[in-house]
Amino acid sequence: MVAKGILRALISLAALTTLLLVFYNYSSPASIRRAHSGAKFVRPKTGGSLKGIDPLLNPEKGPPGKLWGPGEAERTSATLLSLVRNNELEGMISAMRDLESTFNHKFNYPWTFFNDEEFSKEFKEKTQAETKAECRYEIIPKDHWEIPSWINDDLMAESAKILEEKKVQYSGLKSYHQMCRWNSGKFYDHPALKDIRWYWRVEPKVHFFCDVDYDVFKYMEDNNKTYGFVINIYDSPESIETLWPHTLEFLAEHPDYLHPNNAMAWLADAKNRPEHHQKAGYSTCHFWSNFEIADMDFWRSKKYRDYFDHLDRAGGFFYERWGDAPVHSIALGLMEDKNKIHWFRDIGYQHIPYFNCPSSPKCSSCQAGRFTDGTGLDQEDCRANWFEFAHMD
């Protein structure tokens with residue numbers, strides 16, 4: 001055990017050295033602070049809150065370039081995707097109504113629903129009634145959902161107790177851990193998605209506030225984007241204490257996977273939430289993945305598969321509470337060109353307790369620049385880091 005610990009420490013040290021060298025070579029202060037769009041972002045003097053200076057307070061015109069309206073181009077290979085249970089029907093109907101009225105009634109992309117058990121007749125009938133598009137109802141293969149054989153049940157139970165003492169939400173709920181693992185590294189291999197490239201993840205009870213008059217999937221395809229987000233926040237460091245060390249181990253073995261134009265600075269920043277960095281080893285900034293419009297070719301790439309397999313074997317999806325949001329975000333921040341990550345600032349969105357609210361006549365029931373409906377949560381906003389160290393478009 002001692003030898004194993006020493007080896008792990010050496011691997012981590014080698015990984016850190018590699019990352020620092022790459023970071024030095026590719027992330028000069030000037031390049032870090034230069035927004036991809038050419039616009040300059042002035043970071044708040046203290047904290048991460050953008051209240052009163054949020055770019056969403058400025059008039060929103062949508063992304064630049066050619067935007068394909070309804071009927072102007074062939075639909076691309078894409079689906080609206082949701083992991084949902086039968087008892088979440090009403091929340092799913094609410095989310096569908098919002099997205100159908102603001103976007104999909106114009107483009108009719110299919111809906112693909114996933115569940116680890118059969119969908120009820122009621123679920124199928126009521127969801128199909130909300131859209132003219134095709135609805136597909138799929139069961140997750142058992143080998144994609146079940147807890148892997150290498151996970152020790154006793155250790156998992158003991159770990160859950162420790163996480164509960166630290167007030168880590170859902171730590172004792174096995175299905176939550178299974179969901180996080182599936183969303184991190186299994187969903188894109190479901191047979192129902194084998195011929196589909198793009199997806200828009202939609203969860204029950206979310207809300208959409210703004211008319212989207214262009215094909216978002218065509219926008220991503222035409223502009224060579226990999227990933228689209230709306231909300232960028234800090235994670236609970238207690239839930240991911242070993243995620244970053246295991247990531248460093250992985251990069252020590254695969255230094256060539258680190259992209260030259262990475263977003264390491266966004267991940268490595270410690271000045272705004274130093275206590276997070278101290279506990280987790282990195283900023284804990286992540287794209288909130290209950291909304292994501294993304295290219296599954298990235299998840300299907302060898303580099304991402306290798307990364308997921310490394311994490312999966314480490315066991316943190318069950319011994320800690322690694323979520324798909326930090327896993328996706330770290331992979332994108334390290335292994336993808338940061339200019340291929342797009343902030344959909346024009347899409348009004350809410351997943352309790354956070355918002356993305358543009359200033360646009362296309363939006364309703366969403367106060368421009370509003371970030372949260374809670375109190376004391378404005379500091380959870382990590383967009384300031386992204387804008388400073390990456391870009392604003």
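Just so it is clear, the structure is predicted and the values come from calculations on it, not from any experiment.
- Salt-bridge check for Glu134 with Arg136: passed, with a basic side-chain N closer than 4.0 Å to an acidic carboxylate O.
- Residue-environment remark: CD1 (Ile352) stays at or below the threshold of 12 foreign heavy atoms within 6.0 Å.
- Contact record, Leu163 with Ser171: CB-CB, 3.4 Å, taken as the closest heavy-atom pair.
- Smallest separation of non-hydrogen atoms from Pro110 and Thr79: O-OG1, 2.8 Å.
- Under the 4.5 Å side-chain criterion, counting only non-hydrogen atoms from C-beta, Val327 is not in contact with Asp324.
- Here the side chain of Lys225 pairs a donor or acceptor atom with the backbone of Asn339 at under 3.5 angstrom.
- Ring to ring, Tyr109 and Trp198 are not that close: their centroids are 6.0 angstrom or more apart.
- The distance between the ring centers of Tyr349 and Phe208 falls below 6.0 angstrom.
- Within 6.0 Å of CD in Glu117 there are more than 12 heavy atoms belonging to other residues, nucleotides or ligands.
- Taking the centre of each ring, Tyr199 and Phe187 come in below the 6.0 Å mark.
- Other residues, nucleotides and ligands contribute more than 12 heavy atoms inside 6.0 Å of the NZ atom of Lys303.
- Between Leu334 and Tyr307 there is no side-chain heavy-atom pair separated by less than 4.5 Å.
- A ring pair (Phe, Tyr, Trp, His ring centres under 6.0 Å) with Trp182 is found for one member of Tyr176, Phe317, Phe114 and no other, namely Phe114.
- With rounding to the nearest 0.5 Å, the separation of CG in Asp295 from CG in Asn224 is 9.0 Å.
- The aromatic rings of Phe387 and Trp343 sit tilted relative to each other, their planes meeting at an angle between 30° and 60°.
- Contact of the Ile347 side chain with the Phe291 side chain is registered, since non-hydrogen atoms from C-beta on lie closer than 4.5 Å.
- Here the options are Lys279, Lys166, Arg321, the test is salt bridge (Lys or Arg N to Asp or Glu O under 4.0 Å), and the partner is Glu238; only Lys279 passes.
- Under the 6.0 Å distance and 45° angle rule, Arg273 counts as a cation-pi partner of Tyr234.
- Atom OG1 in Thr372 sits 9.0 Å away from atom CD in Glu380 (nearest 0.5 Å).
- Of all the heavy atoms in Asp195 and Ser77, the pair that sits closest is O-OG, 2.8 Å.
- In this structure, Gln350 contributes its side chain and Phe355 its backbone to no donor-acceptor pair below 3.5 Å.
- Between Trp299 and Phe308, the ring centre distance reaches or exceeds 6.0 Å.
- For Tyr137, the OH atom is densely surrounded, since the number of other residues' heavy atoms within 6.0 Å is greater than 12.
- Heavy atoms of other residues, nucleotides or ligands lying less than 6.0 angstrom from NZ of Lys66 number more than 12.
- For Tyr354 and Phe371, the ring centers are positioned less than 6.0 Å apart.
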Next item on the list: Carefully, step by step, assess Asp222 and Trp68 under the rule side chain to side chain donor-acceptor pair (under 3.5 Å).
Entry: CA-CA 10 Å; Asp222 291 350; Trp68 299 98; 2.7 Å; yes
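- Trp266 has its ring centre less than 6.0 Å from the ring centre of Phe287.
- Counting only heavy atoms from C-beta outward, the side chains of Pro148 and Arg181 approach each other to under 4.5 Å.
- Cluster membership check: Trp322 shares its hydrophobic cluster with Tyr304, using side-chain heavy-atom separations under 4.5 Å among Ile, Leu, Val, Met, Phe, Trp and Tyr.
- Of all the heavy atoms in His144 and Asp189, the pair that sits closest is CE1-O, 3.9 Å.
- Put simply, the side chain of Val212 does not reach to within 4.5 Å of the side chain of Tyr219, judged on heavy atoms.
- Ser236 and Gln169 are not linked by any side-chain donor-acceptor pair at a separation below 3.5 angstrom, with hydrogens and angles left out of the test.
- Salt bridge Arg97/Glu100: absent, no basic N to carboxylate O contact under 4.0 Å.
- Each of His391, His342, His286 was evaluated against Trp386; a single residue qualifies, His391, per the ring pair (Phe, Tyr, Trp, His ring centres under 6.0 Å) test.
- Note that CD1 of Ile293 is 12.0 Å distant from CG of Leu81, once rounded to the nearest 0.5 Å.
- Using a 4.5 Å cut-off between side-chain heavy atoms of Ile, Leu, Val, Met, Phe, Trp and Tyr, with links allowed through other members, Tyr214 and Leu80 fall into the same hydrophobic cluster.
- Arg201 has its side chain within reach of Glu203: a pair of non-hydrogen atoms, C-beta onward, lies under 4.5 Å apart.
- In this structure, the side chains of Asp306 and Glu253 stay at 4.5 Å or more apart for every pair of heavy atoms.
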Item checked: Worked verdict on Thr247 versus Tyr282 for side chain to side chain contact (heavy atoms under 4.5 Å, CB included) -> CA-CA 11 Å; Thr247 298; Tyr282 78 113; over 6 Å; no
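- Distance CZ/Arg345 to CG/Asp393: 9.0 Å, rounded to 0.5 Å.
- Here Asp381 contributes atom CG and Ile233 contributes atom CD1; the two are 9.0 Å apart, rounded to the nearest 0.5 Å.
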Next item on the list: For salt bridge (Lys or Arg N to Asp or Glu O under 4.0 Å), just list the numbers for Glu146 and Lys142, CA-CA rounded to whole Å, side-chain angles, deciding distance to a tenth of an Å, and then say yes or no.
Entry: CA-CA 6 Å; Glu146 290 177 345; Lys142 286 187 176 181; 5.3 Å; no
Next item on the list: Might you work through the side chain to side chain contact (heavy atoms under 4.5 Å, CB included) test for Thr284 and Trp244, ending with a clear yes or no?
Entry: CA-CA 9 Å; Thr284 75; Trp244 188 251; over 6 Å; no
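- A salt bridge does not link Asp215 to Arg75: none of the charged side-chain nitrogens sits closer than 4.0 Å to a carboxylate oxygen.
- Contact annotation: the side chain of Asp116 never approaches that of Gln178 to less than 4.5 Å [non-hydrogen atoms, C-beta and beyond].
- Taking each heavy atom of Leu258 and Asn262 in turn, the nearest pair found is CG-ND2, 4.0 Å.
- Side-chain N/O atoms of His328 and Glu292 include a donor and acceptor closer than 3.5 Å.
- In this structure, CZ in Phe119 is found 10.0 Å from SG in Cys135, a value given to the nearest 0.5 Å.
- Within 6.0 Å of NZ in Lys106 there are more than 12 heavy atoms belonging to other residues, nucleotides or ligands.
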Notebook entry, point to check: Is there a side chain to side chain contact (heavy atoms under 4.5 Å, CB included) between Arg383 and Asp54 once you walk through the steps?
Noted result: CA-CA 9 Å; Arg383 287 176 302 156; Asp54 195 321; 2.6 Å; yes
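- In summary, the side chains of His207 and Asp98 do present a donor paired with an acceptor at a separation below 3.5 Å, with no hydrogens or angles considered.
- Nearest approach of His276 to Asp235, heavy atoms of both residues: CE1-O, 3.0 Å.
- Enclosure of atom CD in Glu275 by more than 12 non-hydrogen atoms of other residues, nucleotides or ligands within 6.0 angstrom is indicated.
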Next item on the list: I would like to know whether Gln128 and Thr131 meet side chain to side chain contact (heavy atoms under 4.5 Å, CB included); could you show each step before the answer?
Entry: CA-CA 6 Å; Gln128 183 63 80; Thr131 178; 3.9 Å; yes
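- The SG atoms of Cys357 and Cys366 lie less than 2.5 Å from each other.
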